[in-house]
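Have a look at the structure below, then the notes.
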Amino acid sequence: MRAASRYLIWCVATLMLVAWFLNWDQLEALAFQRDRTFRNISGIAVMTLILFQWTLTLGRTVFQKSGSQWGNWIDWHLRISLLLPLAVLVHSIAIGWGLLALLPLALLASGHFGSMLEGEANTRKNLPYHIGLSVATLVMALAHAATVLMFN
């Protein structure tokens with residue numbers, strides 16, 4: 001599942017970068033992505049998936065201390081990692097500017113490093129990047145949500 005996640009992340013990142021350079025977000029076929037109601041609903045879906053990932057991570061920390069197995073938690077974490085890039089793509093095909101450029105790139109980079117967490121050596125090497133980018137994604141997503149709520 002990790003390899004599929006990594007492949008999907010690279011496909012979505014490439015598609016978003018091409019769409020950004022070619023202004024595909026302005027195509028009539030993608031006009032639905034400019035609709036405020038669609039953006040709000042799809043943004044809530046993306047935020048829900050991000051928060052679910054963090055809930056799994058924090059739940060793992062709590063339950064691992066009480067003896068529960070991490071295997072069930074990681075399976076759900078990996079399943080959501082397959083949905084998250086697609087949800088971001090549906091929310092907006094083009095990368096924005098400033099925070100709106102950093103947010104999807106940090107999210108996709110976090111997923112990439114997360115997909116590289118196989119084996120002790122790779123985990124030791126990639127886990128700090130995965131965690132750091134995950135924290136950055138959460139902070140930027142919350143800032144983005146607050147900005148949308150204040151100014152829409």
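- Rounding to the nearest 0.5 Å places CD1 of Ile9 at 11.5 Å from CZ of Arg2.
- For the residue pair Leu133 and Ala109, the shortest heavy atom distance occurs at CD1-CB, 3.6 Å.
- Nearest heavy atoms, Val12 versus Pro85: CG1-O, 3.7 Å.
- Between Ile93 and Gln33, the closest side-chain pair of non-hydrogen atoms falls below 4.5 Å.
- Residues Leu17 and Leu30 share a hydrophobic cluster, clusters being chains of Ile/Leu/Val/Met/Phe/Trp/Tyr side chains in contact below 4.5 Å.
- For the pair Leu103 and Ala141, the tightest heavy-atom approach, listed with the atom from each and the gap, is CD1-N, 3.7 Å.
- Contact check for Tyr7 versus Ser115: no side-chain heavy atoms found under the 4.5 Å cut-off.
- Under the 4.5 Å side-chain contact rule for hydrophobic residues, Ile41 and Val46 do not share a cluster.
- There is no path of hydrophobic side-chain contacts, each under 4.5 Å, that joins Met116 to Leu105.
- Considering OG1 of Thr137 and CH2 of Trp54, their distance stands at 9.0 Å, rounded to 0.5 Å.
- Here the closest heavy-atom approach between residue Ala145 and residue Met47 is recorded as CB-CE, 3.8 Å.
- Phe21 and Trp97 fall within the same hydrophobic cluster, where Ile, Leu, Val, Met, Phe, Trp and Tyr residues are linked whenever their side-chain heavy atoms come under 4.5 Å apart, directly or through other members.
- In terms of the side chain to side chain contact (heavy atoms under 4.5 Å, CB included) criterion, residue partners of Leu100 (sequence neighbours excluded) are, by chain and number, His144.
- A continuous path of Ile, Leu, Val, Met, Phe, Trp and Tyr side chains, each step under 4.5 Å between heavy atoms, connects Val88 with Leu142, placing both in one hydrophobic cluster.
- Note that the CG atom of Leu89 and the OG atom of Ser42 stand 11.0 Å from one another [nearest 0.5 Å].
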Check step by step if side chain to side chain contact (heavy atoms under 4.5 Å, CB included) holds for Leu15 and Trp24.
CA-CA 10 Å; Leu15 183 60; Trp24 284 356; 3.5 Å; yes

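- For Met140 against Ala106, the heavy-atom pair with the smallest separation is CE-CB, 3.5 Å.
- A search for ring pair (Phe, Tyr, Trp, His ring centres under 6.0 Å) contacts involving Phe32 returns Phe38, not counting sequence neighbours.
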Report the C-alpha distance between Ile80 and Ile50 in whole Å, list the side-chain angles of each, state the deciding distance to 0.1 Å, and finish with yes or no for side chain to side chain contact (heavy atoms under 4.5 Å, CB included).
CA-CA 9 Å; Ile80 299 302; Ile50 291 170; over 6 Å; no

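- Put simply, CG on Leu8 and CG on Leu84 are 10.0 Å apart, with the number rounded to the nearest 0.5 Å.
- Shortest non-hydrogen contact noted between Ser5 and Ser81 is OG-OG, 3.3 Å.
- Residues Gln53 and His77 bring a donor and an acceptor atom of their side chains to less than 3.5 Å of each other.
- Distance check: Leu117 CG to Lys125 NZ gives 11.0 Å after rounding to the nearest 0.5 Å.
- How far CZ of Phe113 is from CG of Leu127: 11.5 Å, rounded to the nearest 0.5 Å.
- Taking 4.5 Å as the limit, every side-chain heavy atom of Trp20 sits out of range of all side-chain heavy atoms of Asp25.
- Applying the salt bridge (charged side-chain N to carboxylate O under 4.0 Å, His left out) test to pairs two or more places apart or on separate chains, none has a residue in residues 30-50.
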